[in-house]
Amino acid sequence: MAYTMTDSQYHGRSSRHRGTRPARGNDPAAPPPRHERLRWARSAALWRRGIPAPYALPAGFAALFAIGTAAAGLNGRLPAAGVLAAAAIVVVLLSAAAEPMAAVPLGVIGWLTVIGFSRPPYADLRPAGTLAAEAAVVLAGCALAGAGAGLLFRYRAMRVTLGNVDRQKESGITGRRQLAGAALAVAGLPLLTALLAAWRGHLNLSDDLLIYLVAVVAVTVVGGFWPAVFAAVAASMLLNWYFTEPLHAITIAEPKNLLALVLFVTVAAAVSSVVHLAARREADASRSSKETASLLALAQTVLGGADTPADVLDHLTSTHGGHAELLERAGGRWIKVAASGDGPPWAGVIRFEVRPDLALEVSGQSASATTSLLAGYTAQAVAALDRARLRTQAAQAEALAEGNRMRTALLAAVSHDLRTPLASIKASVSSLRQTDVRWSPEDEADLLATIEQNADRLDALVGNLLDMSRLQTGSLAPFLRATAVDEVAPVALRGLDGADLLDIVVPDDLPLVRADPALLERVLANLFSNALRYSPPDARPALHAREDSGRVALEVVDHGSGVPGVLKERIFEPFLRLDDRPSGVGLGLAVAKGFAEAMGGTIVAVDTPGGGLTIRLSLIAAATGVPAVLGAGQ
């Protein structure tokens, strides 16, 4: 993940990590996919640091050992200048390719190779003299030049991105362990030397080499690679001084002893590299496991419904501490979208720019919050923001579609269902006003009845339209009070065609209900109208009331054709009609459901035993001892 990090210790140029984009196709300027960029960023970070010392040093020791072996095998035909040149080439190349700290041991081993194998007798280390001084100057310069050139080249080649700044050590070994390993080497090697010197008569050089190798491995296990390199070099010097002839001198009399010491250093460095790499892989695996656990917990949080940007940032700061902000660029300014946590004011800020207009800034997190983990949180926060906006857009689109559907249905209602009664009223009135026709009293009564019937129909239609408008705009504010069902039900029947055909069955001991009397009247009127419309002449609809566990159930029963199970939920939708009858606009049950829920009740449709449909209205029972409201209009 590319980012900008600014604090008192680190400074970097701004660099963007763009989110996943479409396929590149044939456009060479298009950004690579996200996983390719992440892999390239990790490789770039490794290249910028150089080859790790656990890889570079064993290779360098082996190359320098090969130079010394070749010089000894040529028996003087390779001059001292040639040995120095070959060692200088190895030192400068590996110092340039490896991480900078590897240049020091490479230079030291190169210098020992030159002074030990430049001229016969070989294996005779001569640290004094002109050749030793020249070799020291040349190899020190080569090591410094190689390290500097490698740093400069990698910086210029990789300046387009920043390296990895995970606060976990790449070695997998903490600073405390490295100090403990160095202390073990400083204290343990002299003690081991004293013990081996006391037992010199019982041990040979091979035994001493193996024992020192065990000590170097122990230092590696405790402190990692660099304390092990120090221990290996120190152990070789102690072996040379105390256990190879001539004793207490740098000179090695027997070439095979020098070979044994060089092999000891090489093997010790190789073993240290293996142990060090194993420790680093273990640390990487542990860190990856923690990152996976953290991302899994985040995924469970998101899947559990907490998937807003604020929820993602809250999870980040509660798990890893610090402060986090999601920023969006709008109008040339960065605007805070979500924030969480508190970090220390001196903490450095790391910015992850997933898109040119979106960035996550974090500061003060614990060491467990690695760059890759923070990159995962950044992606989740941005995805949560996108999901939230998509939900908002979807809700707006749904509301717009619902509004369009209602306007279309309303237009259909005005054009047909309202025009039909108006046409009947107008025709009846026009007939009554005709002067050239004498109507009998019976005809006039029929025309007046038609006018009244269609006016009532218009009143019901307009009333339902107004009620639905109140529900849609949220302006409905019911006044709930104790209400008697047997007082409201007869009022709801007024003005309905065939009202005398509906039976009202209400027990005398039925509790009062908490309801708005006017709204309850409208609910029952719509339910009664629906039941009367669909009941056959030989089967009377009815209202049955009963107490039901602290609630009152009102069941309006008809014995018509009923409604299929899949449509029982849909019949409460506005403007829905299941038949081709001309009366009504399909709002009665929708209004009844809206008013019932506004009063804290529920309304469902069930099958009537023997055929038909039962609308069950459930309301909260009022507390006992509360006087009832008499009538729906009071």
Side-chain angles (χ1 to χ4, degrees), residues 407-470 487-504 517-518 520-543 556-561 574-592 612-613 615 631-634:
R407 281 191 291 270
T408 302
L410 182 59
L411 181 60
V414 172
S415 63
H416 180 272
D417 295 286
L418 296 183
R419 179 173 294 186
T420 301
L422 281 174
S424 298
I425 293 172
K426 181 173 177 56
S428 299
V429 171
S430 299
S431 298
L432 289 173
R433 295 187 61 186
Q434 286 183 356
T435 59
D436 56 343
V437 178
R438 295 183 61 84
W439 301 99
S440 65
E442 293 79 6
D443 293 335
E444 288 183 357
D446 289 340
L447 291 173
L448 290 175
T450 300
I451 293 172
E452 183 180 14
Q453 180 182 5
N454 284 281
D456 291 339
R457 181 179 172 187
L458 273 178
D459 179 66
L461 292 175
V462 173
N464 280 334
L465 289 172
L466 293 177
D467 290 339
M468 181 55 61
S469 175
R470 293 165 64 192
E487 295 285 344
V488 177
V491 178
L493 277 174
R494 293 176 185 172
L496 297 180
D497 294 338
D500 56 337
L501 300 178
L502 189 140
D503 297 329
I504 299 177
L520 181 57
E521 178 201 348
R522 297 293 301 155
V523 172
L524 293 178
N526 280 301
L527 298 183
F528 293 162
S529 175
N530 188 75
L532 290 168
R533 183 180 301 116
Y534 292 102
S535 287
D538 57 343
R540 297 169 63 92
L543 167 67
V556 179
V557 182
D558 70 61
H559 301 280
S561 58
F575 303 107
L576 180 69
R577 291 188 296 187
L578 301 182
D579 57 18
D580 296 329
R581 299 189 184 188
S583 61
V585 293
L587 284 178
L589 293 181
V591 170
L613 183 70
I615 305 296
Q634 300 184 22

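A quick note: this is a predicted structure, and the numbers were derived from the prediction, not measured. The basis for the numbers below is simple: all heavy atoms, side chains too, and nothing from hydrogens, waters or symmetry mates. If you read the sequence from its start, that first residue is 1, and numbering goes on from there.
- Of the residues Glu442, Arg438, Glu444, the one that meets the side-chain contact (heavy atoms from CB on, under 4.5 Å) test with Ser440 is Glu442.
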Side chains of residues 422-434: which donor-acceptor partners sit under 3.5 Å, not counting sequence neighbours?
{"residue": "Ser424", "atom": "OG", "partner": "Thr420", "partner atom": "O", "Å": "3.2"}
{"residue": "Ser428", "atom": "OG", "partner": "Ser424", "partner atom": "O", "Å": "2.9"}
{"residue": "Ser430", "atom": "OG", "partner": "Lys426", "partner atom": "O", "Å": "2.8"}
{"residue": "Ser431", "atom": "OG", "partner": "Ala427", "partner atom": "O", "Å": "2.8"}

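- Distance CD1/Ile615 to CG/Asn526: 11.0 Å, rounded to 0.5 Å.
- Atom CG of Leu502 sits about 8.0 Å away from atom OG of Ser535, to the nearest 0.5 Å.
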Exercise for the section: Report the C-alpha distance between Asn454 and Leu458 in whole Å, list the side-chain angles of each, state the deciding distance to 0.1 Å, and finish with yes or no for side chain to side chain contact (heavy atoms under 4.5 Å, CB included). Expected result: CA-CA 6 Å; Asn454 284 281; Leu458 273 178; 5.9 Å; no

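- For the atom pair CG (Leu493) and OG (Ser529), the distance works out to 10.5 Å, reported to the nearest 0.5 Å.
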Problem - Residue pair Leu524, Val488: steps toward the side chain to side chain contact (heavy atoms under 4.5 Å, CB included) verdict - result: CA-CA 8 Å; Leu524 293 178; Val488 177; 4.2 Å; yes

Practice task
Check the pair Phe528 / Leu543 against side chain to side chain contact (heavy atoms under 4.5 Å, CB included), numbers first and verdict last.
Solution key: CA-CA 8 Å; Phe528 293 162; Leu543 167 67; 3.8 Å; yes

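- Taking the side chain as every heavy atom from C-beta outward, Pro541 and Leu532 approach each other to under 4.5 Å.
- Residues passing the side-chain contact (heavy atoms from CB on, under 4.5 Å) test with Ala539, sequence neighbours excluded: Pro536, His559.
- Arg540 contributes atom CZ, which lies 14.0 Å from atom CG of Asp558 (distance to the nearest 0.5 angstrom).
- Contacts of Asp446 classified as side chain to side chain donor-acceptor pair (under 3.5 Å), with partners at least two apart in sequence or in another chain: none.
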